[in-house]
Amino acid sequence: MHTFSKLKKVPMMPYSKNMNEEAKAKARKPKPPTFVSRFSTTFSAMARKPLLKQTLATLFLLFVLYAIFNAFFQPTDSSAFDAAATFSSASSVLLSGATTKSPAINVFLYDLPRRFTSDVIHHHALARGGASRVTPDDDAAAPKYPGHQHMAEWYLFADLSRAESERAGSGSPVVLVADPEEADLFFVPFFSSLSLIVNPVRPPGSNSGSEKPVYSDEENQEALVEWLEKQEYWKRNSGRDHVIVASDPNAMYRVIDRVRNAVLLVSDFGRLRPDQGSLVKDVVVPYSHRIRTYQGDAGVEDRNTLLFFMGNRYRKEGGKIRDILFKILENEKDVIIKHGAQSRESRRAASQGMHTSKFCLHPAGDTPSACRLFDAIVSLCIPVIVSDNIELPFEDTIDYRKLAVFIETSSAIKPGYLVSKLRALTPDRVLAYQKELKEVKRYFEYEEPDGTVNEIWRQVSKKLPLIKLMINREKRLFGKQVECSCVCTNQTAVRTL
């Protein structure tokens with residue numbers, strides 16, 4: 001602008017016009033001088049000056065043009081050039097609709113002793129009266145992994161057990177490596193949730209004289225940690241770069257303090273202390289839904305029930321609200337709320353109820369989360385979440401406010417409040433919730449090619465920078481004991497404030 005102002009001050013030399021030109025000038029509407037016309041006028045003026053002044057003016061003009069060209073088209077600052085190139089590259093990606101893809105993370109799958117994998121399946125079958133002729137060493141007749149709410153451990157193990165050629169086109173963010181030296185992370189395939197439920201709860205002394213084998217989940221937990229603590233790669237970084245599935249809230253409870261450095265895959269933090277697990281270090285994974293996925297489209301025409309719930313009425317801790325909600329809702333019009341335990345018949349009834357209801361109630365269980373939330377999502381039944389401390393899977397990707405109704409516990413227990421809030425939602429709003437549910441449903445389908453399993457691996461891979469930070473940080477501390485060992489709370493920062 002400084003240069004332009006100087007150019008504008010160059011005096012204009014008068015020159016004669018003929019009558020036609022003057023008439024045309026009057027007829028034309030005057031226009032502001034353009035960038036080009038200013039230079040043209042300047043050149044005309046210079047042409048009528050003495051040769052020396054004209055030469056100086058020409059040199060000055062060339063200098064100005066050089067400065068402008070150099071400033072805008074040939075920046076000498078390399079950082080400015082890099083920033084411009086980066087912006088240009090990013091803009092082209094956005095315009096093309098392409099997405100960037102992070103490099104794959106190398107994962108090593110431990111070959112655990114059988115007692116932690118296939119033997120757990122075997123003993124679970126025996127405890128329920130099946131596979132009585134199958135021995136733990138008989139691979140050909142090994143029983144199938146049984147269906148239950150916490151099957152993430154099986155699906156992740158099965159995914160890594162596939163040939164890499166099968167996994168190559170799956171879009172997985174992790175690559176299985178045979179050499180542990182190449183690994184970024186180490187996966188420990190202990191079936192911790194299945195081990196917890198191998199033997200059904202029995203009255204004290206009921207095992208005496210029984211032919212069924214005695215199975216101890218606690219002994220298996222301790223044996224696993226003893227095995228891990230002998231491994232070179234566990235000892236190398238105190239287990240920080242290891243991944244352990246403990247999706248049942250009570251899984252690994254006996255040894256959780258000894259494995260808390262690892263990345264834990266959990267359903268929530270209801271049974272974990274702040275120094276054992278957190279969103280910073282660990283990954284929240286969905287329950288495996290136990291009812292049929294709804295195959296229809298979004299819509300309210302075939303959903304005549306306002307609100308549906310079927311599950312255990314009496315729970316501990318935060319789940320005590322269930323009994324209160326039963327008393328408030330069981331006589332409400334267009335509301336189905338009934339007690340039901342986990343069984344094949346109950347699952348059929350729950351599928352029918354969720355597929356024909358607009359909203360599905362999700363109160364806390366013994367811990368803040370429960371399987372019915374994920375049953376509701378795959379049913380396109382809008383979850384009504386009454387659980388103040390719930391943590392949800394994949395929340396960096398999914399905005400749950402778009403697909404679920406959240407009601408504070410203190411408000412939900414007011415008679416009439418919950419149903420009046422739901423009835424106030426218009427059909428268009430209900431449809432918007434359902435469409436969002438359909439959009440994200442694949443994140444909760446473990447058997448989808450690019451569903452839950454790949455999303456869990458993506459979440460795990462995002463922990464790698466933090467893992468490396470903690471490993472490098474601890475190495476420079478000369479073996480000092482670190483209080484914030486699992487980065488659950490930023491204790492060091494608190495002390496320095």
Side-chain angles (χ1 to χ4, degrees), residues 116 120 124 148-154 156 188-201 215-225 228 239-240 242-290 311-323 341-342 362-375 385-395 409 456 459-460 463 484-489 491:
F116 305 118
V120 179
H124 181 273
H148 63 97
Q149 301 175 74
H150 301 286
M151 292 182 66
E153 57 193 22
W154 168 255
L156 294 171
V188 182
F190 175 42
F191 297 152
S192 60
S193 295
L194 183 62
S195 178
L196 185 70
I197 60 172
V198 162
N199 290 328
V201 178
Y215 180 92
S216 173
D217 172 53
E218 292 182 349
E219 288 179 6
N220 255 15
Q221 293 179 41
E222 292 175 347
L224 172 74
V225 176
L228 278 174
R240 288 199 180 281
H242 285 56
V243 180
I244 297 176
V245 187
S247 54
D248 189 293
N250 291 315
M252 303 292 292
Y253 75 95
R254 180 91 168 195
V255 295
I256 197 69
D257 280 321
R258 295 166 69 182
V259 299
R260 66 181 183 176
N261 283 349
V263 178
L264 302 176
L265 307 189
V266 299
S267 59
D268 59 37
F269 300 103
R271 293 277 191 263
L272 299 177
R273 300 192 312 267
D275 64 332
Q276 294 172 335
S278 81
L279 285 173
V280 177
K281 177 183 72 73
D282 305 312
V283 174
V284 177
V285 301
Y287 284 67
S288 175
H289 66 83
R290 301 293 290 135
N312 286 320
R313 176 170 183 164
Y314 304 103
R315 307 304 287 175
K316 297 175 287 185
E317 301 176 20
K320 290 179 180 178
I321 190 179
R322 289 192 181 186
D323 185 41
Q342 283 286 347
H362 176 73
D366 289 342
T367 60
S369 189
C371 66
R372 282 159 196 85
L373 170 60
F374 309 101
D375 290 341
I385 299 176
V386 185
S387 181
D388 297 345
N389 299 314
I390 193 171
E391 296 294 350
L392 298 164
F394 319 144
E395 205 159 1
T409 299
I456 291 174
Q459 298 292 325
V460 170
K463 304 296 180 182
C484 54
S485 58
C486 69
V487 204
C488 295
T489 55
Q491 296 177 19

Exercise for the section: Walk me through it: do Phe394 and Ile456 pass the test side-chain contact (heavy atoms from CB on, under 4.5 Å)? Expected result: CA-CA 8 Å; Phe394 319 144; Ile456 291 174; 4.0 Å; yes
Practice task
Check the pair Val259 / Val225 against side-chain contact (heavy atoms from CB on, under 4.5 Å), numbers first and verdict last.
Solution key: CA-CA 8 Å; Val259 299; Val225 176; 3.8 Å; yes
Problem - Verdict with supporting geometry, Leu224 and Met252, side-chain contact (heavy atoms from CB on, under 4.5 Å) - result: CA-CA 10 Å; Leu224 172 74; Met252 303 292 292; 3.9 Å; yes
Exercise for the section: Might you work through the side-chain contact (heavy atoms from CB on, under 4.5 Å) test for Asp268 and Ile390, ending with a clear yes or no? Expected result: CA-CA 7 Å; Asp268 59 37; Ile390 193 171; over 6 Å; no
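For the pair Arg322 and Gly311, the tightest heavy-atom approach, listed with the atom from each and the gap, is NH1-C, 4.4 Å. Pro393 and Val285 make their closest contact through CG-C, 4.0 Å (heavy atoms, listed as atom of the first residue, atom of the second, distance). Across all non-hydrogen atoms, the minimal contact from Phe191 to Val120 is O-CG1, 4.1 Å. Closest non-hydrogen pair, Leu194 versus Glu153, comes out as N-OE2, 3.1 Å. The minimum heavy-atom distance between Ala262 and Lys281, with the atom names listed, is O-NZ, 2.6 Å.
Remark: the backbone N or O of Glu222 is not paired with any side-chain donor or acceptor of Arg254 at under 3.5 angstrom. A donor-acceptor distance shorter than 3.5 angstrom exists from the side chain of Ser387 to the backbone of Pro368, with no hydrogens or angles considered. Side-chain atoms of Ser192 never come within 3.5 Å of backbone atoms of Ala251 as a donor-acceptor pair (strictly under, hydrogens ignored). At distances below 3.5 Å, at least one donor-acceptor pair connects side-chain atoms of Asp375 with backbone N or O atoms of Arg290. No donor-acceptor pair closer than 3.5 Å links the side chain of Glu391 to the backbone N or O of Val284. Gln459 places no side-chain N or O within donor-acceptor distance of the main-chain N or O of Val283, the cut-off being under 3.5 Å. Checked by atom type and distance alone, the side chain of Arg260 never pairs as donor or acceptor with a backbone atom of Gly277 at under 3.5 Å. Judged purely by atom type and a 3.5 angstrom limit, Lys463 uses its side chain to pair as donor or acceptor with the backbone of Val280. When atom types are taken as modelled, the side chain of Asp388 and the backbone of Thr409 share a donor-acceptor pair closer than 3.5 angstrom.
We find the CZ-CG distance between Phe269 and Asp282 to be 5.0 Å, quoted to the nearest 0.5 Å. Rounding to the nearest 0.5 Å places CG of Leu228 at 6.0 Å from NE2 of His242. The distance from atom NE2 of His124 to atom OG of Ser195, rounded to the nearest 0.5 Å, is 10.5 Å. To the nearest 0.5 Å, the span separating SG on Cys371 from NE2 on His289 amounts to 11.5 Å. The CD1 atom of Ile197 sits 10.0 Å away from the CG atom of Asp217 when rounded to the nearest 0.5 Å. Atoms CG and CG, from Asp323 and Asn312 in turn, are 12.0 Å apart once rounded to the nearest 0.5 Å.
Under the 4.5 Å side-chain criterion, counting only non-hydrogen atoms from C-beta, Leu156 is not in contact with Val243. Put simply, the side chain of Leu392 reaches to within 4.5 Å of the side chain of Leu373, judged on heavy atoms.
In the model, Tyr287 has no side-chain atom that pairs as donor or acceptor with a side-chain atom of Ser247 under 3.5 Å.
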